[in-house]
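Input: a single structure, listed below in structure tokens.
For reference, positions follow the sequence shown, starting with 1. Indexing begins at 1, ligand by ligand and atom by atom, following the structure's order.
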Amino acid sequence: IPVDRFDLVIFGATGDLARRKILPGLFRRFVAGQMTPDSRIIGSARSPLGAEGWRSMIREAIHEFGPAESGDRIDAFLGCLDYVTVDATGDGGWADLKALLREGAVRAFYFSVAPSLFGPLAERLRQHGIAGADSRIVVEKPFGRDLESARALNRTLSEHFGEGQIYRIDHYLGKETVQNLMAVRFGNLLFEPLWNNHYIDHIQITVAETVGVGGRGEYYDKSGAMRDMVQNHLMQLLCLIAMEPPSRFEADAVRDEKLKVIRALRPVPAHHIVRGQYDASDSSPSYREEVGNPRSFTESFIALRVEIANWRWAGVPFYLRTGKKLRARHSEIAVVFKDLGHTIFEGDERRHRNILSIRLQPNEGIDLTVTIKEPGQGGMRLVDVPLDMTFAQALGKEAASVPDAYERLIMDVIRGNQTLFMRGDEVEAAWAWTDPLIAGWEARHDVPKLYDQGSSGPDDALMLLHREGRRWRDIR
Ligand code: BG6
């Protein structure tokens, strides 16, 4: 279904995110017919690039990061693009920008810039009468680096825009399987009765990456895995898996429930946190070499044992881990159900457990491990098999046609749907939980454990589960 005609202004139009994700994503929505040709994307940055200069930059970006088959639609798409040079902290260019915008089109402003520019941009959009009461702004992470800075950002934005106009992106919420998780949880009778501490033994959330910090060393070394991944992406996944059923699938109903989960998180004791840093391998540098800081104590890996203090989850550990330069790119949420209390099958010594596995990437999908009889004559032998609950084949949808997280979220901005965006209080609550953990290891001068590139992280992370008689799912 096409969205309404829009004017989308992208600040930071020559940056990495715009070239890698935002524009290639919009191009795919254009090809899919969701973005109509009377919509416009206005790039904006400090450089005096001009419309033609920006169009050729985006043409290259689409070749590099866009769909393999761009066909002849590129020219039509580029025809929707315009560019204006503005000075985010001065007066230059704002009148030109204003002159480009049309009455009657949905108006959205994407702040793909450093957070220090959020305030100046918001102020100028208002001052020059460019953004009105129904305009929307989109802001990227990092949304602060602690509670204090996040509060300051929220305060600054709220001086110029209402909460209903602010779209804080966490691109994990735009991933196909993350939404499917909600469909499976709340669209079936089967799961909700079992979704509690009576039936669930524990939950694992893994976001493993093979890439290192690459060219982002300067930013990353000041953040680490906790700020870069846990405070936002893993926290959002945790919320969706643990929240109470919202009364409606609607922005505030969902976000109210997520907020309650964050507020119910217990402080995490030091022995439930394992931080790691990747070592050098034969062919590639160590974390410290890569970020150019030989004394860095920043973690490129973290594993935590987290508890939610409420009736549903009391006693159920949530194990979270994420890291760079690990064995495989593998993101999964695994809901591990309890053992059967009693088996009627004599001689079957193995432990059979139902596991609901929600794979975010690669091979997106959801499956449920169930126990059945092994076919054949050998008596009653049991075997565990995955029951595919994705049905991508049954629905006839190829994985390639699933929109990428960014394109889905941008279309939601145009539709005015905030369900998959973080509310200000959620972000603050997440920092309020994160801050003391970071302060704790800083005060202890905790040194991250070294781990081999291509491994599953430091051995201590394995111990986090082993000592409780559990084991991590394989990263493969
Ligand atoms: C970003 C982090 O938010 O998410 C990166 O800053 C990380 O460090 C990335 O690599 C992972 O996203 P995805 O979609 O590739 O899993």
For E250, give me all partners under salt bridge (charged side-chain N to carboxylate O under 4.0 Å, His left out), at least two apart in sequence or on another chain. R248
Quick one: sort the Y83 and W54 rings into parallel, tilted or perpendicular, breaks at 30° and 60°. tilted
Exam field: side chain R19 to backbone A61, donor-acceptor pair closer than 3.5 Å: no
Using a 4.0 Å cut-off on heavy atoms, what residues surround ligand 1? Order them by chain and number. K141, H171, Y172, K175, E209, R216, D228, M229, H233, K324, R329, Q361
Does anything in residues 136-155 form a ring pair (Phe, Tyr, Trp, His ring centres under 6.0 Å)? List the pairs, not counting sequence neighbours. none
Any pair with a residue in residues 282-304 that passes ring pair (Phe, Tyr, Trp, His ring centres under 6.0 Å), sequence neighbours left out, goes on the list, sorted by first then second residue, please. Y278-Y287, F301-Y451
Angle class for the F191/W195 ring planes (parallel below 30°, perpendicular above 60°, tilted otherwise)? perpendicular
